[in-house]
Amino acid sequence: MPDDTTSATTAVRRATTADAVALADLAAITFPLACPPGTSPDAIAEHVATQLSPDRFRAWAASAAHALLLVETVASPGDSAGTSAGASAGASAGTATGVGSSVAATGPLGYALLARGVPDDPDVAAAVGPGEAVELSKIYVHPAAQGTGVASVLMTATTGAAALLGPGLPLWLGTNGHNARAQAFYRKHGFAVVGGRTYVVGGETHADVVMALPRR
């Protein structure tokens, strides 16, 4: 039973290869929930197995062209050293600590993946401009953490990490055109629709909007 004096806070840090299995498990929960209605279970399962495997997460964690972040709960006994440890962990990762949490999920509460490079989709390149950019490839939180503020903590840390991964480069993302909730969340954090693209999930093609932060 937890001690009555133990509270919890969330902290964002860079993921390591040791986090790969836990992040793949989280991805298997969160990705299906973000798929448009009507996406076939077989297509979702294929995408999870091939694109969100532990090996994929290990490669992203080790890549200099990517930044893989996770948000997790850090137990803090009152205001003692545990709180400072959580804050230091977030700061040393160049990210952030955040809201208190009563989330029942175990393991990571969410993750985000940034990728630096030249967009290979001509529709994306036309929308965000020529040359290199930073893509917010993935950002998901566990369903038990939705509505707790965890997603905003993760997004704030992720935009900061993007500025380090690609200083001065545009930051963009693609999200399903029918996912109004996701688009509202991104607009809240400064993103605006700049174009569109197609996205394939297990052989099925979907229409995305492309959103980007204004150049700073």
Any side-chain heavy-atom pair from [X] and [Y] closer than 4.5 angstrom?
X    : Y    : result
K188 : M155 : no
L136 : T158 : yes
F191 : Q183 : no
V71  : L109 : yes
L70  : V12  : no
N179 : R181 : yes
L213 : T159 : yes
L52  : Y140 : no

Contacts table for residues 16-32: side-chain donor-acceptor under 3.5 angstrom, sequence neighbours left out:
| from | atom 1 | to | atom 2 | distance (Å) |
| --- | --- | --- | --- | --- |
| T16 | OG1 | A18 | N | 3.2 |
| T16 | OG1 | D19 | OD2 | 3.4 |
| D19 | OD1 | R13 | NH2 | 3.0 |
| D19 | OD2 | R13 | NH1 | 2.9 |
| D19 | OD2 | T16 | N | 2.8 |
| T30 | OG1 | L26 | O | 3.2 |

Residue pairs passing the side chain to side chain donor-acceptor pair (under 3.5 Å) test where at least one lies in residues 109-120, sequence neighbours excluded: R116-E132

Spacing of H47 atom NE2 and S40 atom OG [to the nearest 0.5 Å]: 12.5 Å

CG on L69 to CG on L113, rounded to 0.5 Å: 8.5 Å

Side chain to side chain donor-acceptor pair (under 3.5 Å) involving S63 - partner list, sequence neighbours excluded: H66

Salt bridge (Lys or Arg N to Asp or Glu O under 4.0 Å) partners of D55, counting only residues at least two apart: R58

For [Y], does its backbone N or O pair with a side-chain atom of [X] as donor and acceptor, under 3.5 Å?
X    : Y    : answer
T148 : A145 : yes
T39  : C35  : no
R197 : V209 : no

Polar side chain donor-acceptor pair, S152 to H189, under 3.5 angstrom: yes

Candidate pair V210 and D123, rule side chain to side chain contact (heavy atoms under 4.5 Å, CB included), full reasoning: CA-CA 9 Å; V210 174; D123 291 334; over 6 Å; no

Listing, residues 160-178 side-chain donor-acceptor contacts under 3.5 Å, not counting sequence neighbours, or none:
| from | atom 1 | to | atom 2 | distance (Å) |
| --- | --- | --- | --- | --- |
| N176 | OD1 | H178 | N | 2.9 |

Closest contact, heavy atoms only, G131 versus P119: O-CD, 3.5 Å

Closest non-hydrogen atom pair, A61 against A15: CB-O, 4.0 Å

side-chain contact (heavy atoms from CB on, under 4.5 Å) against T198, all qualifying residues, sequence neighbours excluded: T205

